[in-house]
Amino acid sequence: MTAPVALTKKDFETANDVRWCPGCGDYAILANMQRTLPDLGIPREQTVFISGIGCSSRFPYYMNTYGFHTIHGRAPTIATGLKLSRPELSVWIITGDGDALSIGGNHLIHLLRRNPNVQLLLFNNRIYGLTKGQFSPTSEIGKKTKSSPMGTVDAPFNPIQLTLGAGASFVARSVDIEAKHLQDMLKRAHGHRGASFVEILQNCPIFNDGAFDAVTDKATKADIVLQLEHGKPMLYGKERNKGIRLVNGTLDVVTLGENGVTETDILVHDEANLSQAFLLGGLHLPVPVGVFYRVERPVYEDLLNGQVAEAKEKKGDGDLQQLVNGASTWTVP
Amino acid sequence: MTAPVALTKKDFETANDVRWCPGCGDYAILANMQRTLPDLGIPREQTVFISGIGCSSRFPYYMNTYGFHTIHGRAPTIATGLKLSRPELSVWIITGDGDALSIGGNHLIHLLRRNPNVQLLLFNNRIYGLTKGQFSPTSEIGKKTKSSPMGTVDAPFNPIQLTLGAGASFVARSVDIEAKHLQDMLKRAHGHRGASFVEILQNCPIFNDGAFDAVTDKATKADIVLQLEHGKPMLYGKERNKGIRLVNGTLDVVTLGENGVTETDILVHDEANLSQAFLLGGLHLPVPVGVFYRVERPVYEDLLNGQVAEAKEKKGDGDLQQLVNGASTWTVP
Amino acid sequence: MDQATKVVEKREAVVIRFAGDSGDGMQLTGTQFTQESVMAGNDIGTLPDFPAEIRAPTGTLAGVSGFQLQFASYDIYTPGDAPDVLVAMNPAALKLNLPDMVAGSILILNSTAFVQKACEKVGFASNPLEDEAFRHKYRIYAVDMNKLTAGAVEGMDITGGARTIDRMKNMFALGLVSWMFHRPLDVTVEGLKRKFGSKPEILEANLRVLKAGFHYGETAEIFTHSYEVPAAKIPAGTYRSITGNAATAYGFITAARKAGLKLFLGSYPITPASDILHELSQYKNYDVLTFQAEDEIAAVGAAIGAAFGGHIGLTTSSGPGVALKQEAISLAVMAELPLVIANIQRGGPSTGLPTKTEQADLLQAILGRHGESPVPVIAASTPADCFDAAIEAVRIAVKYMTPVFFLSDGYLANGAEPWQIPDVAAIPEIPVTFRTEPEGFQPYGRDEQTLARPWVRPGTPGLEHRIGGLEKEYGSGMVSYSPENHERMVHTRAAKIRAIRQDIPPTEVFGDERGGLLVLGWGSTYGAIRSAVREGRAKGKKVSHAHLRWMNPLPADLETVLKRYDTVLIPEMNLGQLRMLVRAEYLIPAVGLNKVKGRPFTKSDILEKIEELA
Amino acid sequence: MDQATKVVEKREAVVIRFAGDSGDGMQLTGTQFTQESVMAGNDIGTLPDFPAEIRAPTGTLAGVSGFQLQFASYDIYTPGDAPDVLVAMNPAALKLNLPDMVAGSILILNSTAFVQKACEKVGFASNPLEDEAFRHKYRIYAVDMNKLTAGAVEGMDITGGARTIDRMKNMFALGLVSWMFHRPLDVTVEGLKRKFGSKPEILEANLRVLKAGFHYGETAEIFTHSYEVPAAKIPAGTYRSITGNAATAYGFITAARKAGLKLFLGSYPITPASDILHELSQYKNYDVLTFQAEDEIAAVGAAIGAAFGGHIGLTTSSGPGVALKQEAISLAVMAELPLVIANIQRGGPSTGLPTKTEQADLLQAILGRHGESPVPVIAASTPADCFDAAIEAVRIAVKYMTPVFFLSDGYLANGAEPWQIPDVAAIPEIPVTFRTEPEGFQPYGRDEQTLARPWVRPGTPGLEHRIGGLEKEYGSGMVSYSPENHERMVHTRAAKIRAIRQDIPPTEVFGDERGGLLVLGWGSTYGAIRSAVREGRAKGKKVSHAHLRWMNPLPADLETVLKRYDTVLIPEMNLGQLRMLVRAEYLIPAVGLNKVKGRPFTKSDILEKIEELA
Ligand SMILES: Cc1ncc(C[n+]2csc(CCOP(=O)(O)OP(=O)(O)O)c2C)c(N)n1
Ligand SMILES: Cc1ncc(C[n+]2csc(CCOP(=O)(O)OP(=O)(O)O)c2C)c(N)n1
Ligand code: SF4
Ligand code: SF4
Ligand SMILES: [Mg+2]
Ligand SMILES: [Mg+2]
């Protein structure tokens with residue numbers, strides 16, 4: 001192996017024309033990924049992007065690493081096989097709200113419970129982009145789309161609560177164009193040993209424009225977005241005077257100084273607290289971003305390959321002749 | 001329609017030989033269902049049982065109602081189509097831990113989020129029965145089975161937390177041979193308008209015997225099982241002196257009278273409290289049974305058929321000739 | 001120079017192709033021009049062609065979206081071969097389409113976009129507008145469309161400003177070619193009014209641009225010729241233009257109405273089938289329930305559930321989605337429930353070419369399940385024929401209590417043709433009887449003629465019974481592991497599907513009753529084959545055409561028909577799937593003509609082969 | 001009467017069937033008796049036959065589990081047709097199997113179970129043991145097995161008491177027939193020691209019962225005859241008995257070792273394939289990773305992921321599960337990755353007959369995907385042949401960079417035969433080269449001879465590239481929507497699979513080189529066909545046998561071979577799937593013999609047809 005060379009964003013760009021619509025949030029996510037990877041210190045050839053189908057799933061084509069643009073909803077399965085057999089590789093799964101939560105919902109939850117050490121990024125634009133604008137499992141109820149002219153009647157999933165319920169060991173949320181935050185989340189996801197789930201709110205200017213305007217608009221976002229930071233009180237707002245208080249098992253939005261509320265009343269974020277993370281997942285205003293939950297759990301490929309090692313230790317490296325001989329034989333002279 | 005006649009258990013039995021192994025918990029569930037249905041006041045012909053594949057999924061053959069033994073994991077999809085197009089029918093889905101949580105996991109979570117008014121009973125024996133004893137998504141980690149001779153390395157799902165995370169509007173748990181409790185849960189599930197999820201702990205004497213012995217054993221169960229009752233404090237134990245206390249967002253097991261604990265410290269069960277239900281779902285000792293969570297949410301078939309009615313009201317009953325004519329035509333003389 | 005002094009040429013048929021960036025609105029332009037042409041009384045055929053990406057980067061070859069249209073004064077069956085006219089909105093559009101243009105054809109180019117850099121980007125050595133040889137080879141009309149568009153709306157205050165205005169240049173192009181081919185503008189004016197009704201200022205601007213294009217043709221000196229394509233002599237009646245996907249949707253609605261049942265669609269979006277879902281979701285007042293499922297398996301599962309409930313269960317998809325449905329379709333085979341699976345085929349294998357057409361899912365439909373799992377398969381042959389084929393699929397499904405495959409493809413789905421609107425009252429009812437009599441009820445008892453088992457709606461007192469995917473006992477429908485019963489049931493299921501032959505009319509042949517070459521087609525190759533055979537015959541070739549509608553079972557008389565000819569040629573957009581069936585069934589050395597380019601056959605593709613063989 | 005005074009008859013071959021309740025341990029009894037017979041030097045063939053339910057209610061027809069075995073002093077290929085001996089542990093077992101017994105055959109009945117009520121329950125008018133006519137028709141040995149079993153362990157204190165003891169009566173039956181056919185008990189004794197090693201008291205009891213059965217035969221007066229079946233003259237070597245599923249598992253392990261790679265199995269349990277998963281999960285020290293996935297799609301997906309990672313990706317299933325995998329297999333076709341899909345076929349369609357055998361998934365494997373999606377298909381013909389076929393499947397997959405279908409069926413999977421243990425050192429290596437050279441690297445560049453693209457392990461510096469399911473540009477592997485490229489790639493993928501013919505040895509024919517009747521078989525029909533053809537030839541019929549291993553592509557010489565015979569007969573456990581391929585490919589009027597009963601052909605099934613045709 002050659003000595004590690006410091007890589008740059010450029011090293012991760014491909015010659016392929018990027019084929020998203022102008023203004024698509026996917027561009028920002030791509031750039032942030034290309035900016036983040038050089039900092040991780042993983043050689044390009046050790047990095048693999050695996051995606052399903054959707055606009056978002058074109059992502060691997062634009063990353064100058066190994067990549068596999070697979071089939072709709074199945075990226076987690078292919079990533080699992082790769083990671084189990086090649087644990088040394090750094091594996092990223094790229095998926096959309098349709099890919100991961102509609103057709104691929106089952107693979108998502110099973111990946112999370114098994115906990116292989118991979119990163120799964122869900123680009124949530126709350127719409128099916130590639131197929132031109134049908135509602136997705138994260139579309140708000142009542143949304144009018146091509147396939148729901150009178151508005152959807154399907155209550156959406158809450159991706160944070162769903163993945164927590166599935167037993168995920170790392171659950172986070174970020175925003176396509178919040179470069180610093182997103183890069184930070186990508187690094188934290190990568191740093192977590194186990195399956196990391198990151199929901200990235202992503203604008204689709206063509207079929208669901210402005211879905212996250214409130215979250216990204218400079219004028220409003222301070223009053224809308226709650227940055228979760230481990231060990232820090234959940235304060236937000238332009239004047240950082242709004243906060244979250246836990247009352248009887250539910251979360252209340254309060255204002256410092258009003259009704260006698262002081263900073264000590266404000267809930268302190270604890271990434272290790274599962275039920276609190278679940279509660280935070282249910283918050284719609286403010287919109288929490290950051291790491292909701294993180295716990296160390298045994299890693300799937302460690303366990304599986306550990307059994308191989310243990311078997312070899314106990315029984316010795318398998319001998320083929322012994323295998324075919326089996327327990328009882330007879331000889332014809 | 002004929003006037004409703006009072007039905008009895010016998011009316012719901014079929015002539016088919018029941019083909020489960022001797023001692024299988026499915027027998028008890030079947031008998032309890034046959035005992036419960038007469039009390040619901042639904043005519044036999046209005047009741048439909050839909051199942052997937054597995055030992056548990058043979059259930060419909062033994063119910064003298066309409067029934068459909070479908071394919072592995074897909075019962076929720078078939079039930080959805082039936083319920084949407086025939087909302088007046090009473091639809092029960094019968095499934096196993098493999099059927100519902102392994103191959104059928106996606107349909108399960110989507111059914112729950114959409115919330116059609118059906119009952120889904122998951123017979124959880126923590127094993128694949130019909131295929132002769134492989135581990136399932138609810139098998140404990142480390143379990144040795146035919147396909148895991150060195151013990152499983154797959155962290156199991158927690159069915160209660162998974163379904164709560166998916167947005168279920170009714171989540172309950174019961175036990176195969178606890179006749180009264182089970183019948184009660186079946187009635188409550190049926191009474192709930194929306195998708196009701198009931199996990200039934202079920203013994204498989206052949207491949208996973210005794211998995212729930214602690215829960216059913218007369219000698220121990222009082223100290224193991226926590227009966228959840230809305231509005232009641234969470235007390236249990238032979239002397240009803242053990243209880244659950246909420247401390248800093250986690251559940252503690254305490255004993256009345258010890259360390260100054262009194263009944264007022266004990267958490268009162270509130271079926272409407274989602275995050276508390278989620279916490280309770282995570283309890284392993286004691287094992288909670290009963291209704292964890294219940295909320296009224298709009299019912300899927302109401303909404304969908306409501307749009308049909310609304311469309312008819314607004315546009316009138318569709319006229320075929322108008323349909324084919326479309327907006328612009330021309331005439332060749 | 002006014003219109004009067006310009007030359008008007010008469011043409012029998014014209015092929016025009018619009019091409020531009022994905023964002024240039026070429027599909028809309030093409031569709032509107034089609035509407036104008038049908039209103040002008042021409043027969044038409046269309047071929048939209050767009051990239052798999054929503055909007056690939058502007059100005060790139062990958063981003064080019066095209067729409068081809070043939071309009072004629074006689075009955076045509078295809079969108080035509082090489083275009084007579086190309087409207088290219090940028091250099092990429094020109095570059096990509098130039099190989100299809102013959103010398104002397106007309107190129108209408110948006111000169112605004114032909115700047116050096118853009119030309120180089122797509123591989124032109126220099127700006128073709130400045131290339132003498134190029135200018136001599138074609139009849140070039142270079143029009144500064146952006147500027148003229150901007151000029152047309154000068155003084156208006158338009159939301160979005162220059163960007164919005166820029167996007168209206170397709171209306172300028174449309175106005176211009178409308179003038180050139182004497183198209184009436186009213187239908188486009190009406191269309192724009194419907195589209196922009198709620199935005200009067202945008203509507204006004206579009207109308208101005210459209211008219212500016214028209215007047216530009218009339219007045220600009222470069223345009224010396226215009227062309228008249230007289231109305232076609234088509235049978236009297238009321239017509240509309242229709243795409244295959246719309247016809248499919250209407251067909252299923254009509255079928256359900258004729259059966260007196262709800263239509264239940266379970267679907268998961270996929271190109272090029274999604275439009276059927278979109279269409280059907282708009283007709284809820286026709287008792288249509290549309291369920292957008294979590295995946296294709298749930299979609300077909302729900303449709304089976306609705307069929308079990310006594311309604312018309314339908315599921316729509318394309319190849320990769322159909323692959324996922326096969327296990328459930330096999331359940332419907334065993335449960336003997338009516339169900340229609342519509343496969344709007346696209347280029348494969350795998351994700352393949354999602355927006356391109358192909359016919360390579362035929363064997364998947366007929367033979368692609370585990371076990372002996374027979375399913376009848378019907379294939380539509382033209383956009384309008386999708387309507388009739390959809391009705392027929394439902395009729396057979398409920399008559400024989402069986403899942404039925406309905407095959408269409410990307411070419412039919414998005415292609416349009418004029419459709420003589422049927423008198424719906426004249427469409428026969430689809431008889432459905434639900435069993436209600438408990439006496440003698442056998443869930444797997446059979447009708448003597450069709451071998452169908454009874455359909456029972458849950459909710460019917462006294463008929464409670466259980467069905468499922470395990471082998472069924474003949475008659476009782478109980479689970480049976482008996483060897484003899486299994487064999488009997490396998491044969492019965494096969495015989496039931498074969499019995500559908502009694503519903504298939506005798507095979508019609510266009511051309512000679514016997515002798516010479518027979519071109520046997522299926523599905524969307526109809527138009528190209530018919531045009532080529534007609535032309536071949538006009539040239540004195542002994543060639544005839546038969547076109548299959550039922551792919552499984554094949555018509556009872558097909559063997560006799562085929563054996564009346566010296567040679568059988570089977571053109572298919574695959575590697576020879578029908579050919580394989582015909583060879584296996586009749587031991588006939590059928591010859592194949594196979595095009596697997598994601599594009600339909602042209603007339604000349606087939607004519608060439610005819611000339612080789614006949 | 002001691003052994004010496006009993007008559008010893010010599011027999012060439014004996015067919016014995018054990019039948020009892022699902023809980024009676026008939027599968028274990030049969031397997032042990034098989035082991036004894038192979039140790040006695042006989043050739044053997046077995047056919048286990050059990051219900052789909054784990055344990056249907058005791059004493060019912062549905063609950064009967066059976067195991068048939070033929071052992072002989074010459075080489076046989078099947079478990080035999082009608083049994084010479086039936087061991088029936090209860091009236092249900094007798095009732096169900098009686099139709100297969102010819103007059104004069106031996107019935108060993110557990111008289112304890114033949115009480116009036118049990119007999120009536122399964123449809124006997126009265127207790128057959130008390131029926132004179134019945135007693136005259138067969139040679140009946142009524143043995144009070146429960147009582148004798150209890151007697152054998154008298155005085156022992158056994159956990160579980162009477163119930164546990166009752167369940168040992170199968171060992172009594174085994175001891176008895178072991179005496180009757182001069183089988184050595186040691187292998188069973190060894191087997192019991194392995195099984196009950198940790199429960200010495202249960203072991204001791206079982207051994208006592210086994211020996212009691214043996215001694216009962218020796219001493220009881222009713223047994224006047226015993227039978228000797230001399231050792232078969234089989235080639236010198238070391239042998240073991242092996243089932244198809246075990247041989248399959250060993251074959252894949254061996255192949256991975258020979259390729260120097262890990263074996264990665266992604267699987268979801270399903271009858272009758274699950275045992276391969278169970279088997280492989282025990283050999284982790286052979287670098288075998290087994291992943292029990294959440295469903296079949298995840299299973300094949302993970303196998304594809306492992307193949308992408310540079311290992312041997314394998315997925316095992318049966319028809320309904322394979323249906324779900326097809327979309328992903330199509331991805332492997334487009335991505336051109338090696339992958340083996342093993343389908344252990346069972347009775348279909350739908351859930352069908354899960355524990356019964358069938359060959360009806362052949363066309364699903366070859367033609368059952370969307371698009372033109374060619375996949376080579378290999379079929380094993382005997383239990384032991386599964387080993388070789390598995391190795392060959394892997395060899396072709398990595399050599400041609402393609403998914404490969406491996407077909408077996410329920411009959412092969414659970415059936416056993418003696419297997420001459422191969423010298424593993426003599427099995428050729430499977431050459432695998434991973435590309436590491438960046439210079440001139442083309443992800444879809446091709447080897448001239450095989451048309452395979454290079455296999456690159458992620459982690460290789462300088463070769464970073466992206467693959468996927470959209471159409472690939474020839475050479476570069478970039479996404480391409482070009483019509484010409486698509487057609488070229490469709491043809492290339494087809495040509496690559498056709499090129500595998502260069503790896504298929506010439507077709508071997510058993511019998512005459514030309515003329516007369518050729519029986520063409522594939523898969524598990526091998527034994528029945530070979531026995532029938534041998535017997536037909538012995539009777540002077542001009543009949544020969546060829547057996548296919550590669551179903552796709554068919555061997556290059558097959559057309560010539562087939563055309564050398566007057567008639568071609570194709571026996572299949574389906575409605576004629578290979579027949580269809582042969583007719584389509586060669587226009588040969590092949591005749592079918594089709595049995596779709598969930599049961600293998602018997603020799604006489606085929607012999608009858610041979611006598612009709614030859
Ligand atoms: C098996 C299958 N079904 C359906 C499709 C069609 N399809 C492609 S992408 C997509 C949904 C995309 O939505 P999402 O995952 O949210 O991605 P986005 O385009 O919004 O990034 C669908 C339905 C397909 N390619 N394959
Ligand atoms: C598509 C498909 N895959 C696999 C199977 C095999 N199979 C049948 S039931 C089953 C699991 C049964 O487990 P569970 O749902 O827990 O039911 P139980 O038998 O334990 O009641 C499996 C894997 C099948 N029938 N179909
Ligand atoms: S359709 Fe939406 S998500 Fe897809 S590329 Fe365009 S903007 Fe992005
Ligand atoms: S295997 Fe287990 S779950 Fe299945 S019928 Fe037997 S006891 Fe019940
Ligand atoms: Mg999306
Ligand atoms: Mg189970």
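Heavy atoms only: backbone and side chains are in, while hydrogens, waters and symmetry mates are out. Reminder, nothing fancy here: chain letters follow the sequence lines and each chain counts from 1.
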Exercise for the section: Examine whether an atom of A/Leu246 lies under 4.5 Å from a heavy atom of chain B, and if so say whether it belongs to the side chain, the backbone or both; otherwise answer neither. Expected result: neither
Problem - Partner chain A: residue of B/Leu304, B/Ile141, B/Ile109 with the largest heavy-atom pair count (under 4.5 Å) - result: B/Ile109
Completion exercise
Taking every heavy atom of A/Arg113 against every heavy atom of B/Pro137, the minimum-distance pair comes out as NH2-CB, 3.7 Å
Exercise for the section: Give me the contact list for residues 161-171 of chain A versus chain B, heavy atoms only, anything under 4.5 Å, ordered by residue number. Expected result: A/Gln161, A/Leu162, A/Leu164, A/Gly165, A/Ala166
Completion exercise
In terms of heavy-atom pairs under 4.5 Å with chain B, the winner among A/Ser102, A/Gly151, A/Pro159 is A/Ser102
Practice task
Heavy atoms only, distances under 4.5 angstrom: which of B/Asp154, B/Leu274, B/Leu303 has the most pairs with chain A? Name it, please.
Solution key: B/Asp154
Problem - Toward chain B, the part of A/Ile103 with a non-hydrogen atom under 4.5 Å - result: backbone
Problem - Atom group of B/Leu108 that falls short of 4.5 Å from chain A, counting heavy atoms - result: neither
Exercise for the section: Taking B/Asn106 for its side chain and A/Gly104 for its backbone only, find out whether a donor-acceptor pair lies under 3.5 Å. Expected result: no
Problem - Greater than 12 external heavy atoms within 6.0 Å of A/Glu88's CD - result: yes
Practice task
If the plane angle is over 60° it's perpendicular, under 30° parallel, otherwise tilted; pick one for A/Phe157 and B/His110.
Solution key: perpendicular
Handout entry: Backbone N/O of A/Ser148 and side chain of B/Gln307: donor-acceptor pair under 3.5 Å
Key = no
Practice task
Would you mind telling me which of A/Leu101, A/Thr250, A/Asn115 has the largest number of heavy-atom pairs within less than 4.5 Å of chain B?
Solution key: A/Leu101
